[in-house]
Amino acid sequence: MSNKGKFYITTPIYYPSDKLHIGHAYCTVATDVMARYKRLTGYDVMFLTGTDEHGQKIEDKAREAGVTPKQYVDNIVEGPRGVLDLWKLMNISNDRFIRTTDDYHEHAVQKIFRQLYEQGDIYKGTYKGKYCKPCESFWTESQLVDGKCPDCGREVQDAEEEAYFFRLSKYADRIRDLLENTDFLEPRSRVNEMINNFIKPGLEDLCVSRTSFTWGVPVDFDPGHVVYVWIDALSNYITALGYDNDKYNDYDKYWPADVHFVGKEIVRFHSIIWPAILMALNLPLPKKVFGHGWLLLDGGKMSKSKGNVVDPYLLSERYGVDALRFFLLRTFPFGSDGNFSNEALIGTINTDLANDLGNLLSRTVSMVGKYFEGGTLPAGQAADALDDELIALASGLRDKYEAAMERFAFQDALSEVFKLISRANKYIDETAPWVLSRDEANRPRLARVMYNLLESLRISAVLLTPFMPGTAAEILRQIGACPCCSDWESAGKWGALSATVTVTRGGNLFPRIDVEKELAALEELEAQARKAALPAVEVEPFLEEQVDFDTFCKSDFRAVKVKACENVKKSNKLLKFTLDDGSGTDRQILSGIAMYYKPEELVGKTLVAIINLPPRKMMGQESCGMLISAVHTEHGEEKLHLLMVDDAIPAGAKLC
RNA sequence: CGCGGGGUAGAGCAGCUUGGUAGCUCGUCGGGCUCAUAACCCGGAGGUCAGAGGUUCAAAUCCUCUCCCCGCAACCA
């Protein structure tokens, strides 16, 4: 394999305030595919990912959970089913993983901050904002909701705090030139967004320190200040290579980055702030920033609050990592948003992977085994004009694939591969090997047909390797490809596979999925997950208003005994109680609790009722009073318990 | 007039930069095959490309306006 030089690629460092979702997986898989592709083609690749672990939100989350911020992020990053587990499961081949809480990074950030301060690119000023006293939180004008605190809705007041600022404005012209006149930022549509929204209105200096929280890298020359996200997080791309630290020593080798893959919401930080910081540090700029689209759910974005976060861990376990990896890049154009759905996922697995690719391998290997002793093709094969189209398509595939990959057009690259897979399936129909097999004279021809199919599979498998490493290896194993006909070089050459190859029948690559059943199962799982995400127990908020003693005393609570209880006809909520209230006359009360109790289990119980409410008709029957219950919410579900008291209490006993 | 993206067959999407027969997947209808994971192959039906106007010999594609959906607006990929 020829060494073409280095390739440094990064994902954003994710914010571990919660478990990662399918959107994070999308970005990371795309980066992984690119990294594997570059390695395949002979580059020395450095692939970096990591986590951005400081900030107010994590400080808050940790407090809620009753742990230290470090314990909190440790759990999400290193804990069970955490970030590291997820990337391992998804077969992510990152060479390095950076956490912004790593010592070497923190020290480097302090050095960078100090350098920028000493050379005048960072200065001390005041940060003006709005302050909510009860919440002890700073807000910017734009964060306010109707001019009030977005958290509690109360009035806010003007406030100032001391802060350090980065002279972003100084670099405005150079940034504008970078965006408008180079292909630094892609896709191109993102450039307009940046220019119109941020450059044209004028770049303001950027607040790069905080005193309102402590979970961050301390500014070492000014206690009380912590470095804010910009310098802390963005600089990971160079500190992870060893910039300003002794942990690593690869800065000179790999910087500048060849591409930063980022989500569209952080394009601004990577295309404006990050280059400006690098300009100030007098360092080379990354060659490219690519802002990919989002995975949407039901047309809207994913968010915890919508309770619609899809769990990549679960999907990987259920369908296999390769299927999920493939689906993410096959289905959605990388530069724009895509609609994630379980139907689409299962549909893609069935159509592309099971029916087309899996079945092609299965039928091909099976025929070779059936028609040729020991699954070995004989020498002396007979070509035919019928083969030309297939061979031409397969021979030209690598170049088309490469062109698409170089544009980060994963969807197009896969689409090209599947054109060949499709063509090969058709080729089987055209050549009808089962007909050839009936006459021994056709043996040379039959062997050639099989060889052509194996060759098509081989080239496809090599090119699928970055997307589905495990699957591609299994295909190559089954068709008997040796390492020398499994590399990038060989993918561009028809005929690399030995003519007398021996195949090995294996299991099905991707079993077909029963769509209906599977969707129902997934919905059930997601419902459970949603439920688990809701608070375990919630109770009604307490009333602020006071009730005076006399009013309270007017409510006549009594112990009552259930003499009979039955469902009310045509009602699915109401139970009809016949009660002994100690007066000697039966009392009838209707209560809307049929979904919580069966009538027969209540007979004989001693309950509590208020008996001096005005009688009220429900479903044509009179209810004289109300039974008292305790209510609360569990995982979003209403729960109710009738108040049952000691049976030693006689009917009619007054509660006071 | 804050900015950006989008509105193309029943569903989901590509095509739009560089105008010239409207394409893919699923679904549906019909046919073929039997090697294979009830998979594979062929064919049909189904679209006034959101609406209106303009440029042009020619517009889904370029320009103008209108309507609708979504996202962003200092840190959720």
Side-chain angles (χ1 to χ4, degrees), chain A residues 11-15 17-18 20-31 52 55-57 140-143 188-198 200-201 204 206-207 228-230 232-234 261-269 273 291-296 299-305 309 330-333 335-339 341 343-344 347-348 350-371 411-412 415 418-419 422 424-437 449-450 453 507-513 515:
Chain A
T11 74
I13 48 175
Y14 305 113
Y15 200 67
S17 61
D18 270 307
L20 300 191
H21 55 67
I22 192 81
H24 301 97
Y26 178 49
C27 183
T28 307
V29 166
T31 313
D52 165 25
Q56 176 103 52
K57 193 162 167 184
T140 61
E141 197 76 47
S142 56
Q143 283 177 310
R188 197 69 203 174
S189 58
R190 308 259 181 242
V191 172
N192 303 331
E193 214 168 325
M194 291 304 114
I195 299 287
N196 288 326
N197 274 316
F198 305 109
K200 280 187 185 165
E204 287 174 28
L206 189 73
C207 178
Y228 199 42
V229 62
W230 314 119
D232 179 11
L234 289 168
F261 276 3
V262 299
K264 63 178 184 178
E265 81 293 348
I266 51 172
V267 161
R268 200 184 108 243
F269 318 145
I273 298 173
H292 66 75
W294 268 358
L295 255 35
L296 309 177
K301 72 174 185 173
M302 298 193 185
S303 69
K304 279 273 168 187
S305 55
V309 181
R330 161 76 163 154
T331 314
F332 313 109
S336 36
D337 293 350
N339 259 304
S341 74
E343 288 98 317
T348 301
N350 277 344
T351 303
D352 286 341
L353 297 182
N355 295 353
D356 290 351
L357 175 60
N359 189 37
L360 175 63
L361 176 73
S362 172
R363 63 201 302 211
T364 301
V365 172
S366 158
M367 281 191 283
V368 174
K370 186 179 283 190
Y371 301 144
Q411 192 190 31
D412 294 350
S415 165
F418 272 75
K419 274 184 198 162
S422 225
N425 271 317
K426 182 172 173 174
Y427 177 77
I428 296 181
D429 254 58
E430 291 169 340
T431 53
W434 50 91
V435 175
L436 294 173
S437 76
V449 167
M450 288 301 117
L453 288 170
N508 286 340
L509 249 33
F510 299 95
R512 268 185 72 80
I513 298 170
V515 181

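Protein chains get the first letters and strands the later ones, always in sequence-line order, with residue 1 at the start of each. Values in this document were obtained by computation on a predicted structure and should not be read as measured data.
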Between [X] and [N], is there a side-chain N or O to OP1/OP2 distance below 4.0 Å?
X	N	value
A:K426	B:rC40	no
A:N425	B:rA39	no
A:N339	B:rC13	yes
A:R512	B:rA39	yes
A:K370	B:rA36	yes

Got A:Y14 and A:C27 here, is their nearest side-chain heavy-atom distance under 4.5 Å?
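Yes. Closest side-chain heavy atoms under 4.5 Å.
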Quick check: do A:R363 and A:N425 have side-chain heavy atoms less than 4.5 Å from each other?
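The answer is yes, as the side chains (C-beta and beyond) meet within the 4.5 Å cut-off.
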Listed nucleotide nearest any side-chain atom of [X], set [options]:
X	options	result
A:W434	B:rC33, B:rU25, B:rU37	B:rC33
A:P333	B:rA14, B:rA77, B:rC35	B:rA14
A:S362	B:rA36, B:rU25, B:rC35	B:rA36
A:W294	B:rG71, B:rA74, B:rC35	B:rG71
A:E204	B:rA77, B:rA74, B:rC42	B:rA74
A:I428	B:rC26, B:rA77, B:rC35	B:rC35
A:C27	B:rA77, B:rC35, B:rA74	B:rA77

Within the structure shown, what part of the strands sits under 4.0 Å from [X] by heavy-atom distance: base, sugar-phosphate, or nothing?
X	answer
A:Y371	sugar-phosphate
A:D52	nothing
A:N508	base
A:G358	base
A:Y14	sugar-phosphate
A:S366	sugar-phosphate
A:L360	nothing
A:A344	nothing
A:L361	nothing
A:Y26	nothing

Rounding to an integer number of angstrom, what distance separates [N] and [M] when you compare their [atom1] atoms?
N	M	atom1	value
B:rA22	B:rG6	P	23 Å
B:rA58	B:rG19	P	15 Å
B:rG4	B:rU64	P	12 Å
B:rA77	B:rG31	C1'	47 Å
B:rU37	B:rC70	P	46 Å
B:rC76	B:rC16	C1'	32 Å
B:rA11	B:rG7	P	14 Å
B:rG30	B:rU18	P	47 Å

Find the runs of at least 3 consecutive base pairs, i with j, i+1 with j-1 and so on, that include RNA chain B, using Watson-Crick or G-U wobble geometry with both distances under 3.5 Å.
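Listed by first number, the stems are B:2-7 with B:67-72, B:10-13 with B:23-26, B:28-32 with B:40-44, B:50-54 with B:62-66.
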Of all heavy-atom pairs between [X] and [Y], which one has the smallest distance, and what is that distance?
X	Y	answer
A:Q56	A:Y15	N-OH, 4.3 Å
A:F332	A:Y26	CB-OH, 3.9 Å
A:N508	A:S362	OD1-OG, 4.1 Å
A:A424	A:L360	CB-CD2, 3.7 Å
A:Y427	A:L453	CD2-CD2, 3.7 Å
A:N355	A:N359	O-CB, 2.9 Å

Spacing between [X] atom [atom1] and [N] atom [atom2], to the nearest angstrom:
X	N	atom1	atom2	result
A:L453	B:rC40	CG	C1'	12 Å
A:E430	B:rU34	CD	P	16 Å
A:Q411	B:rC13	CD	C1'	8 Å
A:E343	B:rA11	CD	P	14 Å
A:D429	B:rC41	CG	P	7 Å
A:L357	B:rA36	CG	C1'	13 Å
A:F418	B:rU25	CZ	P	13 Å
A:D412	B:rG23	CG	C1'	14 Å

Nearest-nucleotide wise, let me know which of A:M367 and A:G347 is further upstream toward the 5' end of RNA chain B.
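Here A:G347 is the residue nearer the 5' end.
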Mapping A:S422 and A:T351 onto RNA chain B by nearest heavy atom, which one lands closer to the 5' end?
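Per heavy-atom nearest nucleotide, the more 5' residue is A:T351.
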On a plain distance test, is the side chain of A:N359 in donor-acceptor contact with the base of B:rA36 below 3.5 Å?
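Per atom types, the contact qualifies.
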Once hydrogens and angles are ignored, does a donor-acceptor distance under 3.5 Å link the base of B:rA74 to the side chain of A:R268?
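Such a pair is found, so the answer is yes.
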Donor-acceptor check, side chain of A:D356 to backbone of A:S422, threshold 3.5 angstrom: yes or no?
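No, A:D356 side chain to A:S422 backbone: no donor-acceptor pair under 3.5 Å.
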Counting only N and O atoms by type, is there a donor-acceptor contact under 3.5 Å from the side chain of A:W230 to the main-chain atoms of A:F269?
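Not confirmed, A:W230 side chain does not pair with A:F269 backbone.
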Please step through side-chain contact (heavy atoms from CB on, under 4.5 Å) for the pair A:V267 and A:V262, ending with a clear verdict.
CA-CA 6 Å; A:V267 161; A:V262 299; 4.1 Å; yes
